[in-house]
Each structure stands twice: as C-alpha cells, then as structure tokens.
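Right, one structure below, let's go through it.
Atoms within each ligand, like the ligands themselves, are counted from 1 in listed order.
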Amino acid sequence: MAPYRTFRNTLSPMMDSSASASASSSPQDDLSYWMERCSICFDARLDLCLDHCRDQYCYDCFQRYVTEVVTSSWGLTVKKIKCPVCQVHISQSEWSKYVPDAIVDLYNKFNRPFRSFARCCPHCETEVVACEYTRNKTFFYHRSNLIHEMIVDLLSSSPLCEQRKQHPYADIQDLLKIYEHQNWRNSTLPALHERTITTLLDFVTHHVPGLSLTPKVYAISRQILLLEMKSETWKRLQFSHISFFPNVECTNTSCRARFCLQCGYDAHPDRTCEEKMQQMIDERQSSDEDPIMWKLKHSKQCPGCSILITRDEGCNKVDCSLCGYSFCWACLSSWSENCGFYRCTVTGWTANQDRADAKTELGVPNISYIQSKLSSHVI
Ligand SMILES: [Zn+2]
Ligand SMILES: [Zn+2]
Ligand SMILES: [Zn+2]
Ligand SMILES: [Zn+2]
Ligand SMILES: [Zn+2]
Ligand SMILES: [Zn+2]
C-alpha cells in the first residue's frame, strides 16, 4: 500500500470531522476508501500500482496521461515518462504494460536516436530535413580525410591560396591539421564544428567575395556533423548547423522553394526571422488579427537551438520541446529560479500569472476539486 502523502493527510482530518458530525457513516468516511482510489481522478478504484513509488492509478487516467506525454514529445529530446504524482522516472518496460501498443510505437518513433529536425515547406507542405544521419562505418574512417580534402578544394578555388602565412589562412592551416591527423576526437565536436564553420565562412565572405563558395562550406558543415557518434551530441550539432545555414531548398522537384528552417517562412538571407515577419506584416498592411502579427508577438528564438518557438501563456520558465534547453522567456538566459517564475529579476518582466494558474497541469491532483467534493459530502 502506498505511504500517506501530503494531500491525503490533508483529507483525513476533514473526514474525521464529518464522521463525528453524522452518525451514519458512508464508505467515503473511511480512509481506506480513499487509499484505494486512483491518485488522479479519485473516482475510480486503483487498477495499477507503480513498482518503485507505489503511486496508484486507474487504467483510464494512466493511459490518458502517458498518451498526452507521448504525443507532445515530438521534439528531438529523449522523453522520459515520469510518475504524474511524484515525478519518479518509470521504466519503459513498466509503463508500456498499461498502455495500447500504438502509444508504445509512437513513443519509439519519436524517441529513436539520431532523429532529424524537419519542417514543412510553406508552399507545398513537403517535409524537409536539416540533415540526415547516415552511419556507415567504412565511410566513417575516411570522413575526416574527406573533410580535409574538401577544405583544400575550397582553398584552391581562392586566389589567396598562395599567401599561406596571412590571416585567416593560418587559422585554416590549424584546422587542416586537425582533420588530416584525425585528432578531432580530442576536442569536443560541437566546438570544432563552430570553429571550422566560423573560420571558413569568414574566409569566403571577407577574403574571396564574389566567388559564392558558401555552398562548399555548407557541404563541409554537413560532413562534420556525420563524424559524431552520440545521438545527444548529434542533435546539438544539427542545431548548430541550422544556426549557420537556416535556409534550405524544398526537396520537391516541382517546387524547389527556398525557406527558413528557423521560422518556416520564405528564405530571408539578409534579415532575422523577426525582421522577415515584420516585413511580411508591412507588405500586407493587415489588421491585428493577422496570424503573423500574433506569431511575431509571441515568438522568440530558443537560445539552445536557434529555432523560433511560439508561446501563448505560462510562467517565465520555458523548456524547449525541440532541444530540451530550459531558459527564462523574459531574459533568455539559462533557467535558474533566481530569475523568478512570474517576475524576471533581470528584466522586471512579469508573466501573466492569472492565465497560467487557470490551467490545471495534467496529472497533478486537483486539491480544490477534491475538497469541494468532500465538503459537499459533509453537508
Ligand atoms: Zn483515474
Ligand atoms: Zn509516484
Ligand atoms: Zn516546396
Ligand atoms: Zn527565419
Ligand atoms: Zn530549443
Ligand atoms: Zn530572466
């Protein structure tokens, strides 16, 4: 039997007083009646009791809870199913016993390793991925050499090739050595990726302008991503790649539109996503009802993955469902409770507390509902 929990201790004195007020006792007066109820709805008798924490639920509530968590876990972080009352991690072998196979399949689909970030083309709805992970062992060992060759090829298309001692060429020489000697394992790949792409983009835009060598840097970026062996790090690298190259071409051959993976609108090479949306609003000269205006007002770029995320209501703490990064919506710094759930101490920005409170979190026992049921019973 589950140990007494805080809210059940809250209930017991109320039940005692009701028992003394009335001589006729009903099953609800008995504490053991409540101890056998589902911890979510309190209406049904328990059907299952979790192995580790001993919290208990009816099948209906537990299935509804798991389904809700699974269907909202389409982001790229691996979602763990936790007990809705005490938040202890429930193993997949346990929770999958109580839910339909379709939900388990959906969970496995959403949580398979090396998933790619995808967005639908704004013109034809074709799903376009940022980068596909291909794990090919034989190719893998040659990949570092391949990147080395790609950088050499990039440099050979530049007239600066002969001026070896000059900046930024010296930086690129360092990079070449890393890939040539395959000692990229010694550094963390995200840092190496950032350094390589920043250096190469700086080189092609400032030192060889007019040659449009950016597609070559783009190809190098994708190859560096494929050096990564760990799914979690690959996810981070993927977002790093998107932040350098947000614009992609639609893979539908009859469309070929270029669009932005960060905001989902048409490609905007010289503008930020916010500037692009503002431009669209200005061109349409539309009213306040415009969905783009609404989106612009309620969206920010996640500091973890650079994707524009939209939020309607809630406290300042935001957990990005794409990359898993927790941050303060007001000041965009990494989340700490010092920032304040409802009033960010950095910016002084206040979240709309009333609306956030109006919504009861799924799976958290609704104490006021339980108490209202109890008091109606007492009368
Ligand atoms: Zn229930
Ligand atoms: Zn629990
Ligand atoms: Zn398209
Ligand atoms: Zn954009
Ligand atoms: Zn994110
Ligand atoms: Zn803050």
(request) State, to the nearest 10 degrees, the angle whose vertex is the Zn ion (ligand 5) and whose arms point to SG of C305 and SG of C323. (result) 110°
(message) Aromatic contact between H123 and F259, with the criterion being ring centroids under 6.0 Å apart: yes or no?
(response) no
(request) For the atoms SG of C38 and SG of C61, give the angle they form at the Zn ion (ligand 1), rounded to 10 degrees. (result) 110°
(request) If you have a sec, read the angle at the Zn ion (ligand 1) from C41 atom SG over to C58 atom SG, to 10 degrees. (result) 120°
(message) Are W335 and Y325, when compared by the centres of their aromatic rings, separated by less than 6.0 Å?
(response) no
(message) For the metal site, I want the angle between atom SG of C83 and atom SG of C86 with the Zn ion (ligand 2) at the apex, to 10°.
(response) 110°
(request) Examine all N, O or S atoms of H52, backbone included, and report whether one is under 2.8 Å from the Zn ion (ligand 2). (result) no
(request) Specify which N/O/S atom of D55 comes nearest to the Zn ion (ligand 2), by atom name. (result) OD2
(request) Check whether the side chains of N108 and Q92 place a donor and an acceptor atom closer than 3.5 Å, and report yes or no. (result) yes
(request) Compare every heavy atom of F327 with every heavy atom of L332, then report the nearest pair and how far apart it is. (result) CD2-CE1, 3.7 Å
(message) On a heavy-atom basis, which atom in Y218 and which in A130 lie closest, and how many Å separate them?
(response) OH-O, 4.3 Å
